[in-house]
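Atoms considered below: every heavy atom in the structure, side chains included; atoms not considered: hydrogens, waters and symmetry mates.
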Amino acid sequence: MFFVAICFTMSSCYTYTVSVGKGAQGEKVVSAKNHYLIDGLAAVGTADAKKLIGDAKDYDITISHSFVDGLIAFLTGGIYTPTTVSVKK
């Protein structure tokens with residue numbers, strides 16, 4: 001049990017960030033969820049990036065598995081695996 005606990009606490013959360021234009025110029029952050037089944041193999045619903053971006057020319061998009069997303073995936077045995085999409089303008 002100790003080894004399993006160490007594996008869960010020492011693993012990092014998945015994060016992917018893309019900067020567009022000059023990158024985020026302000027502090028405004030808009031977030032939404034992507035919904036996947038079977039460890040991400042089947043997309044059930046994805047966030048509309050165009051709505052999150054709006055009319056911004058310079059922004060950062062971050063897609064991550066937060067702790068809560070990982071906990072939900074763990075509790076469902078990987079059947080439901082959400083990710084969080086954040087746009088910083």
Side-chain angles (χ1 to χ4, degrees):
M1 290 303 292
F2 178 73
F3 179 74
V4 172
I6 293 293
C7 288
F8 281 112
T9 59
M10 299 303 280
S11 66
S12 63
C13 294
Y14 163 82
T15 301
Y16 182 76
T17 302
V18 176
S19 294
V20 177
K22 296 177 184 175
Q25 301 296 308
E27 297 297 320
K28 183 177 179 183
V29 177
V30 181
S31 297
K33 292 282 189 185
N34 289 329
H35 307 281
Y36 297 100
L37 297 176
I38 313 167
D39 286 327
L41 292 177
V44 176
T46 56
D48 187 359
K50 289 181 183 181
K51 286 183 181 177
L52 295 174
I53 295 166
D55 60 351
K57 301 274 189 242
D58 303 313
Y59 54 90
D60 294 332
I61 298 177
T62 302
I63 303 170
S64 63
H65 282 280
S66 66
F67 175 78
V68 174
D69 295 338
L71 181 63
I72 291 170
F74 174 75
L75 293 174
T76 62
I79 294 172
Y80 173 65
T81 51
T83 59
T84 302
V85 178
S86 299
V87 175
K88 185 176 181 182
K89 302 177 190 181

Checklist line | Pairs touching residues 75-87 that satisfy salt bridge (charged side-chain N to carboxylate O under 4.0 Å, His left out), sequence neighbours left out | finding: none
Note to self: Taking salt bridge (charged side-chain N to carboxylate O under 4.0 Å, His left out) as the definition, give me every residue that meets it alongside K88, ordered by chain and number, with sequence neighbours left out.
What the structure shows: E27
Note to self: Using the side-chain contact (heavy atoms from CB on, under 4.5 Å) criterion, which residues pair with A42? Sequence neighbours excluded.
What the structure shows: L37
Next item on the list: Apply side-chain contact (heavy atoms from CB on, under 4.5 Å) to A49 and list each qualifying residue two or more places apart in sequence or on a separate chain.
Entry: I53
Note to self: Could you work out, with side chain to side chain donor-acceptor pair (under 3.5 Å) as the rule, every residue matching T62, not counting sequence neighbours?
What the structure shows: T17
Note to self: I need the full list of salt bridge (charged side-chain N to carboxylate O under 4.0 Å, His left out) pairs touching residues 51-61, with sequence neighbours left out, sorted by first then second residue.
What the structure shows: none
Check: Does L75 share a hydrophobic cluster with I79, counting links as ILVMFWY side-chain heavy atoms below 4.5 Å and allowing steps through other members?
Finding: no
Next item on the list: Assess whether side chain to side chain contact (heavy atoms under 4.5 Å, CB included) is satisfied between I72 and Y80, documenting all intermediate values.
Entry: CA-CA 7 Å; I72 291 170; Y80 173 65; 3.5 Å; yes
Check: Which residues satisfy the side chain to side chain donor-acceptor pair (under 3.5 Å) test with T76, sequence neighbours excluded?
Finding: none
Next item on the list: Establish whether L52 and V20 are linked, either directly or via other cluster members, by ILVMFWY side-chain heavy-atom contacts under 4.5 Å.
Entry: yes
Next item on the list: With sequence neighbours left out, write down each residue that passes ring-ring contact (aromatic ring centres under 6.0 Å, His included) with Y16, or none if nothing qualifies.
Entry: none
Notebook entry, point to check: Can you list every salt bridge (charged side-chain N to carboxylate O under 4.0 Å, His left out) pair that touches residues 30-50, not counting sequence neighbours?
Noted result: K33-D69
